[in-house]
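For the single chain, residues carry numbers from 1 onward in sequence order.
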Amino acid sequence: MNDLDGTCSIFACDLRNLLCSEIDTPEDLAVISSRIREIESRTVYIGFSTGILHGGHINIIRKARRLGRLIIGVLSDEAVAGYKRFPLVSFADRKAMFENIAGVYRVVEQKTLSYRENLERYKPDIFVHGDDWRTGFQKPIRDEAASILASYGGRLVEYPYSKDDRYAELEAHTRADLAMPDIRRGRLRKLLGIKNFVTAMEAHDGLTGLIVENEKVYQDGGAKQFDAMWVSSLCDSTAKGKPDIELVDMTSRFRTIEDIIEVTTKPIIFDGDTGGRPEHFTYTVRTLERLGVSMIIIEDKTGLKKNSLFGTEVAQVQESIENFSEKIRAGKKAQKTRDFMICARIESLILERGLDDALSRAFAFVSAGADAVMMHSRRKDPAEIFAFLEKFRERDKVTPIVLVPTTYNTVTEEEFRVRGANVIIYANHLMRAAVPAVQKAARNILEHHRSSECDKDLMPFSEIIRLIPAPEENT
């Protein structure tokens, strides 16, 4: 039937109950009529994450609605963002799109990639899916669905997955749209609205940007990936072999952003150091907006920048609340869109000035227009960070809080989330991973006077170049 369906004007009225009987008496007719009513009252469930309908979708919807009253589950924005990519079309619009398809009985929200909640709630007689999930990361989801269906007598019907070059072109166009500055710029704010919690990984060039863009881990039938990229002044300076003292000028740093933006789509958070003078900061804001950057984070220090890892070991001067607030107001006044975000990074705990000073600054900077606050600490014990989260959330339950848990790294993302944090940045991990590997390879070649011994630690270049999209994939 899979082969014939859609090719000939033949379709199944019933697949397993074998509705094929000889009718010789009124009693036979009554039995068959009863079974036909049962078939007509059957419910069929199918789930979708797409925001663009193509022929393959319409084909499987047509097949599914022949089997009974069709219920379509539309994945929530949060589920789509975690599983595939940022949804260009909102859940409300995607739901309305399916509601306007003839023959659809009902459209409901599916909150997760797993079908468990909706299968247990609606108990459809038939569950329809493409056959592409029989292997790969979705197999555990299939096994779970099959088990739930078996528990109440439901059936799984799978149709061949539609493969067409035209569908791949649609996906490529979608990725191209996501990379455009006007769409990319607003994605971080929208993600916070959808998920209320995002993670960002450091990227310092196009290749590390591609790694952050594409790396996924599949767990429990779902996908885990980074939501955004962090362009760090520390890593940008280090990659250029220069100290982290704002020595690398903004023109050079903008070039790093352009290298990353050219090959990726995810939102970018930019490390703006102190932001410089207010007059300079306004130009930085406008340039970042044009590039499509989502957020700049500036720290409330002044004078020659010293890395926060030094703490009180070197002389560092914290900017006054008044002056830093004025810089924030200047930046907000300069920006041209509502999408761009300015985050105030507070160094009070780094400089051991206490929680009260940190809170006073946080509330003042939010009043000055900061879209988010970042609280920094170099202690391994997260107690002072937890205390800040608790006290800040007592007065402000809305403003996003950014954390960089480089030192207090035993705390899980879920622990941060339940305590009120919204953005977790892994600030320098790809750089720290790269340097030991590069040093080891160089030392190995020096010791053995050839490269054979270090090959076992190296990725073949044939695999590396597969990380880089072909020219047509960028269009």
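At distances below 3.5 Å, at least one donor-acceptor pair connects side-chain atoms of Lys123 with backbone N or O atoms of Glu120. Counting only distance, with no hydrogens or angles, the side chain of Glu117 and the backbone of Lys111 share no donor-acceptor pair below 3.5 Å. Looking at Glu202, its side chain does come within 3.5 Å of a backbone N or O of Met431 through a donor-acceptor pair. Side chain of Ser294 to main chain of Arg184: a donor-acceptor pair is present (N/O by atom type, distance under 3.5 Å, no hydrogens or angles). Formation of a donor-acceptor pair under 3.5 Å by the Arg255 side chain with backbone atoms of Thr251 is not found in this model. Listed for the Asp125 side chain is no donor-acceptor partner under 3.5 Å among the backbone atoms of Gly154. Although no hydrogens or angles enter the test, the distance criterion places a donor-acceptor pair under 3.5 Å between the side chain of Thr208 and the main chain of Asp205. Side-chain N or O atoms of Glu213 include one that pairs as donor or acceptor with a backbone N or O of Thr265 at under 3.5 Å. In this structure, the side chain of Arg69 does not engage the main chain of Tyr105 through any donor-acceptor pair within 3.5 Å. Checking side-chain atoms of Lys397 against main-chain N and O of Arg393 turns up a donor-acceptor pair under 3.5 Å.
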Full working for side-chain contact (heavy atoms from CB on, under 4.5 Å) between Leu192 and Val198: CA-CA 7 Å; Leu192 287 169; Val198 303; 4.2 Å; yes
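Using a 4.0 Å cut-off between charged side-chain N and carboxylate O, Arg94 and Glu109 make no salt bridge. Contact check on Glu414 versus Arg417 returns a salt bridge, with a Lys/Arg side-chain nitrogen under 4.0 Å from an Asp/Glu carboxylate oxygen. A salt bridge does not link Arg419 with Glu415: every distance from a Lys NZ or Arg NE/NH1/NH2 to an Asp or Glu carboxylate oxygen is 4.0 Å or more. Between Lys266 and Asp227 there is no salt bridge, since no side-chain nitrogen of the basic residue lies less than 4.0 Å from a carboxylate oxygen of the acidic one. Ionic pairing of Arg142 and Glu158 is present here: one or more N-O contacts between side-chain nitrogen and carboxylate oxygen are shorter than 4.0 angstrom. Between Asp371 and Arg189 there is a salt bridge, since a side-chain N of the basic residue sits under 4.0 Å from a carboxylate O of the acidic one.
The number of heavy atoms from other shown groups lying within 6.0 Å of NZ (Lys216) is above 12.
Between His57 and His54, the angle of the ring planes stays under 30°, which puts this pair in the parallel group of the 30/60° scheme. Taking the six-membered ring for Trp and thresholds of 30 and 60 degrees, Trp133 and Tyr115 have ring planes more than 60 degrees apart, a perpendicular arrangement.
The closest side-chain heavy-atom distance from Phe197 to Ile424 is below 4.5 Å. Side-chain contact check for Tyr122 versus Thr43: every heavy-atom pair is 4.5 Å or farther apart.
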